[in-house]
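Some notes on the structure that comes next.
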Amino acid sequence: LKMIKFGLVFLLFGSLSAAPLTSNEVATRVVAVSKSKPELLSAAVSGADPDLLRTALTDADPDLLEVALTEADAELLKVALTDGVVPENLKTALTASRKETLATALTESKPELLRTAL
C-alpha cells in the first residue's frame, strides 16, 4: 500500500506546475500524503480532471480536504473531480463548507445530484 500511495502522490505532484508552493498548497499536500485513505487518494487521482485536481490541491481548506480524503465514498469523490464539474463550485465546496455538510455530500448524495450541484 505504501508503494501505491507513493506512486499516486508522485503522479499527483508531477501533474502540477513546478512553481513554488504557497503555505496552503503545502498543507493540502501534507493532507493528501499523510492523512488520506489510500483508496480515496487513488480514486481522487485516477480519474480526476487535472484542472479540478489542481483546484483541490491549490485552494482547498486543508481540514475540508481531509474530510474528502478520509470520509468520502470513492465513487462520489470521483464524481466531484470529473469533467462537467465547475472548478469555482468545487473551490467553494472545499473552502466554504462545514465539515459535516461536505461529509454528507460525499457520502450520502446520489452521483447525478452531486454532479448537478457542482
Can you see which heavy atom on [X] is nearest to which on [Y], and at what distance?
X      : Y     : value
Ala105 : Leu76 : O-CD1, 4.0 Å
Thr28  : Ala56 : CG2-O, 4.3 Å
Pro87  : Leu52 : CA-CD2, 3.7 Å
Leu77  : Ala44 : CD2-CB, 3.9 Å
Leu65  : Ala60 : CB-CB, 4.1 Å

Would you call [X] and [Y] a side-chain contact if the rule is heavy atoms closer than 4.5 Å?
X      : Y      : result
Leu41  : Val45  : yes
Leu102 : Leu94  : yes
Leu114 : Leu106 : yes
Leu53  : Asp49  : no
Leu90  : Leu81  : yes

Exercise for review: I would like to know whether Lys37 and Leu69 meet side-chain contact (heavy atoms from CB on, under 4.5 Å); could you show each step before the answer?
Suggested key: CA-CA 6 Å; Lys37 289 184 177 177; Leu69 293 175; over 6 Å; no
Please name all residues satisfying side chain to side chain contact (heavy atoms under 4.5 Å, CB included) with [X], sequence neighbours left out, ordered by chain then number.
X     : answer
Ala27 : Pro62
Glu75 : Asp73, Lys78
Ala74 : Leu40, Ala43

Set of salt bridge (charged side-chain N to carboxylate O under 4.0 Å, His left out) partners for [X], sequence neighbours left out:
X     : result
Glu88 : none
Glu66 : Lys35
Asp51 : Arg54

Review point. Which pairs count as side-chain hydrogen bond (donor to acceptor under 3.5 Å, both in side chains) when at least one residue sits in residues 99-108, sequence neighbours excluded?
Key: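 side-chain hydrogen bond (donor to acceptor under 3.5 Å, both in side chains) check on residues 99-108 returns Arg98-Thr101.
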Practice item. Quick one: which residue pairs count as a salt bridge (Lys or Arg N to Asp or Glu O under 4.0 Å) with a foot in residues 19-28, not counting sequence neighbours? Key: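 Qualifying pairs, neighbours excluded: none.
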Report the distance from atom [atom1] of [X] to atom [atom2] of [Y], rounding to the nearest 0.5 Å.
X     : Y     : atom1 : atom2 : answer
Asp59 : Lys91 : CG    : NZ    : 4.5 Å
Thr58 : Leu21 : OG1   : CG    : 8.5 Å
Asn24 : Asp61 : CG    : CG    : 7.5 Å

Check your understanding: Counting distance only, does the side-chain N/O of Arg115 pair as donor-acceptor with the main-chain N or O of Gly84 below 3.5 Å?
Key -> no
Check your understanding: Under 3.5 Å, side chain of Ser46 to main-chain N/O of Ser42, donor-acceptor pair present?
Key -> yes
Exercise for review: Only counting residues at least two apart or in another chain, list the ones meeting side chain to side chain donor-acceptor pair (under 3.5 Å) with Thr95.
Suggested key: none
